[in-house]
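To start, the structure under review is shown below, and the notes come after it.
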Amino acid sequence: MAKNVKSKRTKARRLKGFRDISADDVLARDMMISRIREVYERYGFAPLETPALEYVDVLGKFLPEADQPDGGIFAFRDEDEEWVALRYDLTAPLSRFVAMNRDLPMPYRRYQVGPVYRVEKPGPGRFREFFQFDFDSVGTSSMLADAECCMVMCDTLEALGILRGDYVVRVNDRKVLNGVLEKVADGEALSDRVGLHILRSIDKLDRVGIEGVEQLLGPGRKDESGDFMSGVGLGAKQIDVVIRYLSIQEKTRAATCDALQQLVEGIAVGMEGVAELREIDEALRGGGYDEDRVVIDPTVVRGLAYYTGPVFEGVLTFDVVDEKGVTRQFGSVFGGGRYDNLVQRFTGQQMAATGASIGVDRLLAALQAIGKTQVDSAIAPALVTRLDKNLTAEYQRMAQELRSAGINTELYVGKQGIGKQFKYASDSGKTVAIVMGEDELQSGEVSIKDLRLGVELSQEIGSDRKKWLEEQPAQFSTPRSGLVKSIQEVLARYSAI
RNA sequence: GCCGGCGUAGCUCAGUUGGUUAGAGCGCCUGCCUGUGGAGCAGGAAGUCCUUGGUUCGAAUCCAAGCGUCGGUACCA
């Protein structure tokens with residue numbers, strides 16, 4: 001019988017890869033987002049919001065033949081049998097928006113923050129619903145816009161308290177990479193698949209090292225777990241081109257450009273890429289952003305899909321030791337690049353665009369790890385208790401008085417006795433509790449309890465509970481008229497600033 | 001996608017070579033104490049032992065698959 005009833009109860013469960021985010025983290029994230037927004041706005045980017053749901057073809061995810069959307073996204077059919085999906089980034093919706101609003105003043109510069117959704121295996125710091133915070137410039141092919149992306153990245157990270165030297169923005173250009181691929185091909189045709197494979201191998205440099213890349217480009221590579229990854233199967237001469245490319249490490253951006261130019265000399269697309277990097281370098285120098293903040297790094301690949309020119313990523317360079325004693329690094333928290341073909345899908349006309357995106361959750365985790373996100377977890381520092389339910393109207397008046405004075409104040413709305421009310425106040429992080437009963441009403445006073453002090457003093461109570469109850473060392477009385485002032489005084493004891 | 005660890009109360013976990021009614025600590029609720037947080041004492045609620053199938057007289061325990069979770073690797077628009 002009873003078992004039968006229980007089996008009908010709804011099981012409390014949550015979708016894989018999704019999270020509940022509690023007060024502290026929400027507050028920390030909000031604070032972070034507002035600081036980022038300030039930086040974006042400082043550069044003239046304006047907000048945009050788009051729906052969470054889009055048509056699948058707008059997102060660019062569909063298999064022309066199979067009547068099924070591509071994997072990796074949350075999709076379903078709407079009431080008109082159309083395929084609809086949750087957005088998996090903020091760039092595709094931006095492209096759609098620009099295509100639908102052709103009268104926007106160009107360049108159009110917008111920022112957008114919000115959750116995006118992907119169906120992938122959740123991992124450490126990887127979820128199926130996560131926040132991105134993007135900014136983009138649409139409608140200009142000027143490298144100044146790309147250089148500005150790098151500057152905004154720097155300013156953003158510093159605005160969040162990350163010190164110069166603890167991060168670096170790395171820049172590369174897809175055209176340079178394409179030039180290198182062309183040189184590897186050496187006149188032969190290089191299939192897209194092989195090109196892709198080479199780029200992926202390059203992308204793994206910081207994980208597997210230069211020897212690892214060499215193996216990946218050649219016969220393949222076995223990692224320490226014994227897993228074998230098949231290689232690209234390039235010849236020694238071809239591998240040498242890539243290795244020489246990856247070995248370029250010059251002191252200045254200009255010198256790096258020189259070295260790159262030497263490598264892709266005579267290859268049109270490569271030369272074009274180097275020229276773009278030179279323009280970016282110049283713009284960065286004009287803005288005062290030197291090599292201590294932005295470097296040209298040939299090893300940057302950044303995804304493989306729609307980037308057409310410069311690509312950049314913001315990387316945190318410090319390590320953090322987590323609670324298990326394991327050293328972790330956060331790596332890339334910011335990524336972006338130029339995508340000149342994305343709006344064309346809708347309009348048939350090329351529309352230049354460039355921008356970058358913050359992985360909000362990862363950056364927040366990094367900030368929390370280095371203690372740059374102190375938030376006060378108690379929204380309201382004050383609790384008005386209800387000792388005598390008949391005096392509720394007076395309690396409400398006191399609460400309103402405090403609120404009018406700018407003190408977030410909670411009126412106890414539960415049904416428990418005063419003892420439980422103090423426990424509640426303490427457990428929910430309140431700093432101060434206000435008590436008024438018959439005694440106080442008679443004498444025209446209120447009792448105020450410093451809960452934090454109470455916690456401290458309670459360590460020393462020992463067994464003499466009666467004495468503690470009589471003396472109440474953390475509590476004092478004050479005239480009813482001085483309520484606000486007294487509360488302010490108690491709160492001032494603990495105010496951080 | 002592939003490889004591995006782990007799934008027992010809200011949490012952290014114990015549970016003998018397979019054996020009767022599945023335990024502990026913390027937390028929660030009630031009372032001692034209806035005007036006070038800690039401590040103490042007394043009592044209480046709370047379990048599909050992840051699921052399904054198999055082996056067995058008998059399974060939380062052994063086997064298989066699945067699901068979940070954590071980690072490695074791949075992918076990352």
Side-chain angles (χ1 to χ4, degrees), chain A residues 2-9 11-17 59-61 70-73 85 87-93 95 116-126 128 130 132 196 200 203-204 207-208 216 221-230 301-307 324 326 328 332 335-337 339 342 357 359 383 385-389 391 415-428 430 433-441 447-475:
Chain A
K3 189 172 175 179
N4 214 358
V5 172
K6 276 178 195 167
S7 67
K8 281 182 190 161
R9 288 202 293 231
K11 186 171 179 187
R13 57 200 184 126
R14 187 193 330 102
L15 265 66
K16 168 164 62 175
L59 295 178
K61 277 279 175 182
D70 205 351
I73 58 174
R87 63 186 179 204
Y88 60 85
D89 70 8
L90 299 175
T91 308
S95 306
V116 300
Y117 304 84
R118 298 178 188 180
V119 182
E120 19 174 57
K121 193 198 115 178
R126 267 178 84 163
R128 291 182 161 194
F130 58 97
Q132 287 194 333
L196 207 72
R200 278 184 191 152
D203 203 27
K204 286 191 181 27
R207 282 175 161 271
V208 303
L216 283 172
R221 175 173 185 276
K222 192 182 280 192
D223 64 24
E224 52 269 27
S225 74
D227 236 28
F228 183 76
M229 239 189 95
S230 58
V301 178
R302 281 315 303 170
L304 305 157
Y306 51 62
Y307 291 126
K324 289 174 195 156
V326 181
R328 291 187 50 191
S332 169
Y339 49 99
L342 229 51
S357 176
L383 180 77
T385 62
R386 288 197 301 144
L387 180 60
D388 183 344
K389 307 289 192 276
L391 298 179
K415 301 188 99 171
Q416 301 275 39
I418 190 70
K420 290 289 156 52
Q421 295 187 34
F422 278 113
K423 183 164 166 44
Y424 169 75
S426 191
D427 288 349
S428 61
K430 302 282 187 293
I434 295 96
V435 187
M436 185 170 77
E438 201 53 43
D439 297 352
E440 285 86 350
L441 197 63
S447 292
I448 292 171
K449 184 165 198 152
D450 181 333
L451 293 161
R452 296 204 203 185
L453 181 62
V455 167
E456 245 172 76
L457 296 176
S458 73
Q459 310 294 323
E460 298 146 22
I461 297 172
S463 59
D464 197 352
R465 186 167 187 273
K466 205 158 229 162
K467 188 163 169 241
W468 159 265
L469 290 181
E470 277 168 16
E471 290 180 359
Q472 284 301 339
Q475 194 168 323

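Per chain, numbering begins at 1; letters A, B, ... match sequence-line order.
- Below the 3.5 angstrom threshold, one finds no donor paired with an acceptor across the side chain of A:Lys449 and the base of B:G35.
- By the 5.5 Å and 30° criteria, A:Tyr88 is stacked with the base of B:A77.
- Mapping A:Arg126 and A:Lys121 onto RNA chain B by nearest heavy atom places A:Lys121 at the nucleotide closer to the 5' end.
- Between the CG atom of A:Leu59 and the C1' atom of B:A77 there is a distance of 10 Å, given to the nearest Å.
- Taking every side-chain heavy atom of A:Ile73 into account, B:A77 is the closest of B:G37, B:A77, B:G68.
- For B:U36, the base has a donor-acceptor partner in the side chain of A:Gln475 [N/O atoms by modelled type, under 3.5 angstrom].
- Interface remark: the A:Arg200 side chain does not form any donor-acceptor pair with the B:C76 base, using a distance-only criterion of under 3.5 Å.
- Backbone-only engagement by A:Arg207 is indicated by non-hydrogen atom pairs under 4.0 Å involving sugar-phosphate atoms exclusively.
- The residue among A:Val208 and A:Glu438 whose nearest nucleotide of RNA chain B lies closer to the 5′ end is A:Glu438.
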Contacts under 3.5 Å, N or O only, protein and nucleotides 26-30 of chain B:
{"residue": "B:C28", "atom": "OP1", "partner": "A:Lys423", "partner atom": "NZ", "Å": "3.2"}
{"residue": "B:U30", "atom": "OP2", "partner": "A:Lys420", "partner atom": "NZ", "Å": "2.8"}

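- With hydrogens and angles ignored, the 3.5 Å screen pairs no side-chain donor or acceptor of A:Ser447 with any backbone N or O of A:Met436.
- Counting any heavy atom pair closer than 4.0 Å across all strands shown, A:Asp450 reaches a base atom.
- In RNA chain B, stems built from 3 or more consecutive Watson-Crick or G-U wobble pairs, each with both distances under 3.5 Å, span B:1-7 with B:67-73, B:10-13 with B:23-26, B:28-32 with B:40-44, B:50-54 with B:62-66.
- Nucleic acid contact class of A:Leu387 (heavy atoms, under 4.0 Å, all strands): base.
- Put simply, the side chain of A:Lys430 and the base of B:G37 share no donor and acceptor less than 3.5 Å apart.
- Listed for the A:Glu470 side chain is no donor-acceptor partner under 3.5 Å among the backbone atoms of A:Lys467.
- With hydrogens and angles ignored, the 3.5 Å screen pairs a side-chain donor or acceptor of A:Arg118 with a backbone N or O of A:Tyr88.
- Within the nucleic acid shown, A:Gly454 comes within 4.0 Å of at least one base atom, counting heavy atoms only.
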Taking only distance into account, with no hydrogens and no angle test, what donor-acceptor pairs under 3.5 Å do side-chain atoms of residues 417-426 of chain A form with protein atoms, sequence neighbours excluded?
{"residue": "A:Gln421", "atom": "OE1", "partner": "A:Arg386", "partner atom": "N", "Å": "2.8"}
{"residue": "A:Gln421", "atom": "NE2", "partner": "A:Arg386", "partner atom": "O", "Å": "3.0"}
{"residue": "A:Gln421", "atom": "NE2", "partner": "A:Gln416", "partner atom": "O", "Å": "3.0"}
{"residue": "A:Lys423", "atom": "NZ", "partner": "A:Asp427", "partner atom": "OD2", "Å": "3.1"}
{"residue": "A:Tyr424", "atom": "OH", "partner": "A:Glu410", "partner atom": "OE2", "Å": "2.5"}

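- Contact annotation for A:Leu457: no contact, since no heavy-atom pair falls under 4.0 Å across all strands.
- Among the heavy atoms of the strands lying under 4.0 Å from A:Asp439 is at least one base atom, whether or not backbone atoms are also near.
- Scanning atom types as modelled, one donor and one acceptor separated by under 3.5 angstrom connect the side chain of A:Glu440 and the base of B:G35.
- Side-chain proximity of A:Arg118 to the nucleotides B:U36, B:U69, B:A77 is greatest for B:A77.
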